[in-house]
Number of protein chains: 2
Amino acid sequence: MTDSAVSRGRGGDKRRRLTAAAARVLHEQGVERTTIADIAKAADVPVGNVYYYFKTKDDLVQAALAEHTHHLAELTGDLDRLPDPRDRLRSLVAAWVGQREVAARYGCPTGTLAVELDKRADGTLDREAGRAIRQLLDWAGAQFRELGLSDPDDLALTLVAGYQGMSLLANALRDPDIMIREGARLTRWLDSLAPAGR
Amino acid sequence: MTDSAVSRGRGGDKRRRLTAAAARVLHEQGVERTTIADIAKAADVPVGNVYYYFKTKDDLVQAALAEHTHHLAELTGDLDRLPDPRDRLRSLVAAWVGQREVAARYGCPTGTLAVELDKRADGTLDREAGRAIRQLLDWAGAQFRELGLSDPDDLALTLVAGYQGMSLLANALRDPDIMIREGARLTRWLDSLAPAGR
DNA sequence: GTCTATAAGTTGATAGAC
DNA sequence: GTCTATCAACTTATAGAC
């Protein structure tokens with residue numbers, strides 16, 4: 001193993017480690033309660049060194065947001081392999097329910113981040129989380145459209161709103177079973193949808 | 001007018017002014033981004049004087065939370081005057097839609113507060129917002145029960161989750177129309193519910 | 001009871017050694 | 001490229017004058 005390989009293997013991935021740590025810690029603690037030191041510690045990187053990779057704290061928040069959207073893109077990419085759009089949507093709901101323990105403790109990563117960033121009055125990152133949610137809406141809308149259902153965008157809105165609502169309640173009440181109950185309802189709802197008229 | 005009346009009229013309601021200001025400002029800016037000075041300024045009370053009425057910042061947060069639950073209790077109290085439980089629920093949805101501009105900018109007061117407080121690892125106020133939400137769940141459950149529907153608590157969960165979901169999406173996408181679209185869907189859903197078969 | 005001044009502690013960010 | 005030491009700003013909370 002060469003020196004450069006060691007350097008890459010040990011220290012060269014610090015940016016990646018910081019991004020992953022930011023995604024996790026910001027989800028768990030929220031943006032405002034998380035300090036740069038918290039993220040640096042979680043990533044095992046010296047505090048002052050963070051600023052070599054990210055000029056500001058907001059840059060770290062943005063990187064965490066990008067990490068979550070990347071994660072979502074991977075998930076929908078996998079689901080796209082399923083031939084039936086309805087199965088893709090059902091599997092999406094199943095994936096949400098599978099994350100119920102995390103959701104009950106910390107909520108939906110994107111949803112809770114959006115709530116927090118939306119409180120900002122300055123025009124910095126207050127709209128960024130909305131784009132991540134729109135990505136999910138667009139994908140779900142495409143599935144409903146492929147199923148030949150009318151008002152596919154309305155259906156996507158209902159599906160995603162259902163997910164955000166059950167995540168928030170599961171979190172606020174600290175009860176993962178809420179994800180199971182509401183997830184089952186969403187699945188029944190998906191099964192009941194049929195193309196309009198005759 | 002006596003001196004004491006003046007004193008009550010001008011300065012004696014400072015605690016009330018602080019509570020009202022806290023409820024509004026904490027909803028708009030979030031807990032962590034709001035300083036005591038922000039609340040004091042909004043209430044027109046000198047900064048250092050706040051600590052005479054509230055020992056800590058968390059006491060102010062708790063007072064704001066109580067203000068929101070009080071507001072909710074007033075609303076459901078008014079709705080209780082309607083003879084038909086289904087009308088009560090329909091009016092509740094209408095009230096939510098009526099608040100769509102505020103929801104699109106700042107989200108549901110209780111829901112967004114819950115999201116933020118749930119991020120706390122210390123056992124201070126992290127469960128307090130959940131109690132406020134459970135109050136709404138209980139009231140809605142009672143209405144569904146009075147309608148003779150089966151699984152009234154599940155229905156209440158679906159209703160409140162629908163509200164929280166549409167508020168979060170309207171907020172994240174800055175689009176009050178989402179409240180109208182999803183509100184109409186919830187109303188149709190309420191209309192469609194019928195007691196389980198004979 | 002009301003308010004001013006300030007203490008005590010924390011955080012984001014930078015300068016500069018290595 | 002990496003890290004230590006430190007600054008400057010901000011925030012909660014208190015002490016004490018009025």
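Below, chain A is the first sequence line, B the second, and so on; all start at residue 1.
Computed from coordinates, the B/Asp59 CG to D/dT12 P distance equals 13 Å when rounded to whole Å. If you measure from atom OH of B/Tyr52 to atom C1' of D/dT12, you get 20 Å, rounded to the nearest angstrom. Nucleotide D/dT11 holds its P atom 16 Å from the CZ atom of A/Arg33, rounded to whole Å. As rounded to whole Å, 13 Å separates atom P of C/dT10 from atom CG of A/Asp38. Atom CG in B/Leu18 sits about 11 Å away from atom P in C/dT2, given to the nearest Å. Here the C1' atom of nucleotide D/dC10 and the CD1 atom of A/Ile36 are 16 Å apart, to the nearest Å. In this structure, A/Arg17 atom CZ and D/dT2 atom P are separated by 10 Å, rounded to whole Å. Whole-Å rounding puts the A/Tyr51 OH to C/dA13 P distance at 4 Å.
With D/dT12, D/dC3, C/dT4 as the choices, the nucleotide that has an atom nearest any side-chain atom of A/Pro46 turns out to be D/dC3. Here the side chain of B/Lys14 is nearest to one of C/dC3, C/dT11, C/dA13, namely C/dC3. Side-chain proximity of B/Lys57 to C/dT2, D/dA13, D/dT2: nearest is D/dA13. Candidate nucleotides C/dA13, C/dC3, D/dC3 were compared by shortest atom distance to the side chain of B/Asn49, and C/dC3 ranks first. The side chain of A/Tyr53 sits closest to D/dT2 out of D/dT4, D/dT2, D/dT14.
Side chains of A/Trp139 and A/Leu79 form a contact here, defined as non-hydrogen atoms less than 4.5 Å apart.
Residues B/Leu26 and B/Ala64 share a closest heavy-atom pair of CD1-CB, 3.8 Å.
In this model, no donor atom of one side chain and acceptor atom of the other lie less than 3.5 Å apart for A/Asp58 and A/Thr56.
For the salt bridge (charged side-chain N to carboxylate O under 4.0 Å, His left out) with B/Asp13, the qualifying choice from B/Arg15, B/Arg17, B/Arg16 is B/Arg17, the only one to do so.
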